[in-house]
Enquirer: 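Here it is, the structure, as structure tokens.
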There are 2 protein chains.
Amino acid sequence: MMGLPIYLQIVEDIKEKINSGELKPGDPIYSENTLCKNYNTSRMTVRKGLAILANEGYIYSIPGKGNFVQEPDSSIYTLYYDEMNNLINSVDKTKLLEVNIIMPPYKLIDSLQITKNKKVIMIRRLFYTDEEPVAYDVKYLPYYKGMPIVEKEIRYATFPEMVSKNTSLFAIRKELVISVQMPDEELSKYLNIYNAELPLMVIEQKLYDMDNKPMGLGITYFRGDYCKLYAEASFFKDKAVQENRNMMRQ
Amino acid sequence: MMGLPIYLQIVEDIKEKINSGELKPGDPIYSENTLCKNYNTSRMTVRKGLAILANEGYIYSIPGKGNFVQEPDSSIYTLYYDEMNNLINSVDKTKLLEVNIIMPPYKLIDSLQITKNKKVIMIRRLFYTDEEPVAYDVKYLPYYKGMPIVEKEIRYATFPEMVSKNTSLFAIRKELVISVQMPDEELSKYLNIYNAELPLMVIEQKLYDMDNKPMGLGITYFRGDYCKLYAEASFFKDKAVQENRNMMRQ
DNA sequence: GAGTGGTCTAGACCACGAT
DNA sequence: TCGTGGTCTAGACCACTCT
């Protein structure tokens with residue numbers, strides 16, 4: 001464990017104290033000047049370590065007072081979601097049911113924040129795995145010049161990809177709402193559901209631009225037996241140390 | 001916009017270039033020395049800005065080569081999940097159905113990585129909202145000394161809280177698997193489901209300690225009409241700038 | 001006034017990549 | 001060899017909190 005840069009030693013030592021419970025949420029950390037003396041190093045180096053701890057959610061600082069152990073937020077997870085791939089399934093084929101420019105129905109005017117005369121692109125697709133339909137997918141995008149209405153551009157595109165023809169992916173905010181419902185007649189038909197006992201995982205996706213104006217609404221209805229989502233949370237990934245180890249291994 | 005520290009000006013300027021599409025994934029950033037000259041500042045200040053950009057996923061650096069615009073990972077979201085609260089519902093009462101120390105059934109031996117003689121605490125609860133049952137919840141924890149088997153400690157505790165009696169919350173890794181299913185007879189009874197058309201949102205929660213040893217398995221079966229999950233993703237939260245504005249406002 | 005964190009400087013040495 | 005990023009120093013000034 002020697003050979004670690006000083007700032008990472010500080011990170012590790014303080015993490016160890018927090019993980020072991022020696023330091024509890026709300027407790028003060030040694031002051032920066034004290035840490036300088038303890039590690040016989042300069043303040044910038046100490047601060048680099050503390051910045052990492054703050055960034056990973058371990059500590060926070062109050063100017064004029066000190067650094068303190070953060071209360072961990074146990075309700076935040078990292079969710080991995082890709083329309084075409086989930087824990088138990090990968091879409092290997094899609095079928096374009098419809099691409100149309102429509103006048104927005106009442107519901108859309110509201111959720112896309114547009115006027116009733118603004119044209120909207122509607123895209124309806126079916127996703128397949130091994131020739132089985134696994135999801136039904138509808139997307140609505142306010143129509144702007146240069147929008148993709150070319151079939152081959154749309155066919156295999158995920159929602160962010162469709163929108164990013166015009167906008168940098170960095171400039172998009174995305175929202176997901178995950179719910180459960182039973183298929184109606186139409187969905188049952190599309191998804192080959194003859195058995196009334198098969199529920200759907202419904203994922204609503206909304207994209208916004210940097211000014212928080214809606215750029216698109218998508219709803220994907222997955223057959224329940226083809227959709228499992230995965231999320232995780234952990235404080236002790238030790239990204240910095242991990243990377244350092246990787247670098248030193250080479 | 002003046003009054004921003006130099007390192008945040010650098011962050012903002014480069015973000016603007018990336019968000020607008022002027023800089024695309026893979027493109028090199030000005031070298032650190034060039035930025036020093038451009039902003040008439042020292043290298044540590046430039047590097048502080050670049051560190052923020054790297055941390056927020058905008059750029060990455062290759063030692064000896066330079067800093068480059070990162071390809072954004074569009075399949076990562078932040079999910080907010082708390083057993084007792086979701087988008088459309090808050091649990092206001094719980095009922096303890098059973099707390100027992102059991103010998104693990106076959107399935108648990110595997111997923112908790114224990115021997116068949118290791119005792120396991122089983123906790124079964126019902127969650128209520130407005131006197132209506134909204135979720136059925138089972139948890140399994142390998143039994144160690146000091147484990148909570150006192151009713152009042154368990155009653156309103158979320159899963160991480162149960163485990164954190166012994167361990168710092170920081171030292172826990174959590175995994176969620178979200179799926180959909182129909183209720184069986186037992187679940188229908190517990191959740192007052194007389195209508196066969198009501199599916200369940202099933203959330204499996206697994207906790208691990210720092211050595212990746214399982215510390216607990218929990219499964220929560222939500223009535224579909226009482227559970228919606230929310231997740232979001234955005235690059236341009238501008239946490240640092242936001243905080244700076246807040247500080248300057250005061 | 002003493003201590004704290006926030007910002008910043010003007011250097012330094014290193015390992016690495018390109019040439 | 002020269003430019004790059006990674007680490008680090010020994011100071012500085014500021015605004016803030018505490019007493």
Side-chain angles (χ1 to χ4, degrees), chain A residues 1-14 26-55 58-70 238-250, chain B residues 1-14 23 26-55 58-70 239-250:
Chain A
M1 207 54 60
M2 256 300 292
L4 268 188
I6 302 174
Y7 73 91
L8 284 182
Q9 290 178 34
I10 296 174
V11 168
E12 289 309 291
D13 290 351
I14 295 180
D27 287 355
I29 311 292
Y30 286 134
S31 81
E32 298 180 357
N33 282 322
T34 306
L35 288 170
C36 289
K37 285 166 201 149
N38 290 358
Y39 286 89
N40 190 28
T41 188
S42 72
R43 192 154 156 247
M44 286 303 266
T45 300
V46 167
R47 282 179 61 75
K48 180 157 185 177
L50 296 182
I52 290 173
L53 289 166
N55 230 298
Y58 279 90
I59 66 172
Y60 62 95
S61 65
I62 302 180
K65 297 188 73 174
N67 289 281
F68 304 86
V69 178
Q70 178 78 258
D238 278 338
K239 211 175 18 170
V241 174
Q242 206 53 52
E243 276 162 16
N244 187 281
R245 285 198 191 120
N246 292 341
M247 276 162 51
M248 287 171 47
R249 215 174 280 143
Q250 290 160 11
Chain B
M1 208 53 58
M2 255 300 293
L4 267 188
I6 302 173
Y7 72 92
L8 284 183
Q9 291 179 33
I10 297 174
V11 168
E12 289 309 292
D13 290 351
I14 294 180
L23 285 174
D27 288 354
I29 312 292
Y30 287 133
S31 80
E32 297 180 357
N33 283 323
T34 306
L35 287 170
C36 289
K37 286 167 203 151
N38 289 357
Y39 287 88
N40 190 29
T41 189
S42 73
R43 191 153 158 247
M44 285 305 264
T45 300
V46 167
R47 282 181 61 75
K48 181 157 183 176
L50 296 182
I52 290 173
L53 288 166
N55 229 297
Y58 279 89
I59 65 171
Y60 62 94
S61 65
I62 303 180
K65 295 189 75 174
N67 288 282
F68 303 87
V69 178
Q70 178 77 258
K239 212 174 18 170
V241 175
Q242 205 54 50
E243 276 162 16
N244 188 281
R245 284 195 192 122
N246 291 341
M247 275 162 53
M248 286 170 49
R249 215 176 280 143
Q250 290 159 12

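Note that these values count all heavy atoms, side chains included, but never hydrogens, waters or copies made by symmetry.
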Enquirer: Just compare C:dA10, C:dG5, C:dT7 and give me whichever is closest to any side-chain atom of B:Ser42.
Expert: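 Of C:dA10, C:dG5, C:dT7, C:dA10 is nearest to the side chain of B:Ser42.
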Enquirer: On the nucleotide D:dG3, are OP1 or OP2 found under 4.0 Å from the side-chain N or O atoms that B:Asn33 carries?
Expert: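 Result: no.
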Enquirer: For atom OH of A:Tyr39, is the number of surrounding heavy atoms from other residues, nucleotides or ligands below 6.0 Å larger than 12?
Expert: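 It does: A:Tyr39 OH has more than 12 such atoms within range.
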Enquirer: Send over the distance from A:Ile52 CD1 to D:dG6 P, rounded to a whole Å.
Expert: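 Those two atoms, CD1 and P, are 12 Å apart.
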Enquirer: For the residue pair B:Lys48 and A:Arg47, establish whether any side-chain heavy-atom pair is separated by less than 4.5 Å.
Expert: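 Yes - at least one pair of side-chain heavy atoms lies under 4.5 Å apart.
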Enquirer: Taking atom C1' of D:dA10 as reference, at what distance in whole Å does atom CZ of A:Arg47 sit?
Expert: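 Taking atom C1' of D:dA10 as the reference, CZ of A:Arg47 is at 15 Å.
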Enquirer: Write down the distance between CD1 (B:Ile6) and P (C:dC8), rounded to a whole number of angstrom.
Expert: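 Result: 5 Å.
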Enquirer: Between A:Gln9 and A:Leu4 (side chain of the first, backbone of the second, donor and acceptor by atom type, cut-off under 3.5 Å), is there such a pair?
Expert: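 A pair under 3.5 Å: yes.
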Enquirer: OP1 or OP2 of C:dG5 less than 4.0 angstrom from a side-chain nitrogen or oxygen of A:Lys65, does that happen here?
Expert: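 So the side chain of A:Lys65 is outside the cut-off, no N or O lying under 4.0 Å from OP1 or OP2 of C:dG5.
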Enquirer: From C-beta outward on B:Glu32, which listed nucleotide comes closest to its side chain: D:dG5, C:dC8, C:dG5?
Expert: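 Nearest nucleotide to the side chain: D:dG5.
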Enquirer: Using only side-chain N and O atoms of A:Thr41, determine if any of them is under 4.0 Å from OP1 or OP2 of D:dC8.
Expert: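 Indeed not, no polar side-chain atom of A:Thr41 lies that close.
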Enquirer: Give a yes or no on this: more than 12 heavy atoms of other residues, nucleotides or ligands lie within 6.0 Å of atom OH of A:Tyr30.
Expert: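 No, OH of A:Tyr30 has 12 or fewer neighbouring heavy atoms, counting only those of other groups under 6.0 Å.
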Enquirer: Using heavy atoms to find the nearest nucleotide of DNA chain C for A:Asn67 and A:Met44 separately, return the residue whose nucleotide is more 5′.
Expert: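 On the 5' side of the pair lies A:Asn67.
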Enquirer: Looking only at side-chain atoms of B:Thr45, point me to the closest of C:dT9, D:dC18, D:dG5.
Expert: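 Taking heavy atoms from C-beta onward, the closest nucleotide is C:dT9.
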Enquirer: Over all strands shown, is B:Leu50 touching base, sugar-phosphate only, or nothing at heavy-atom distances under 4.0 angstrom?
Expert: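 The answer is nothing, as B:Leu50 stays clear of every strand by at least 4.0 Å.
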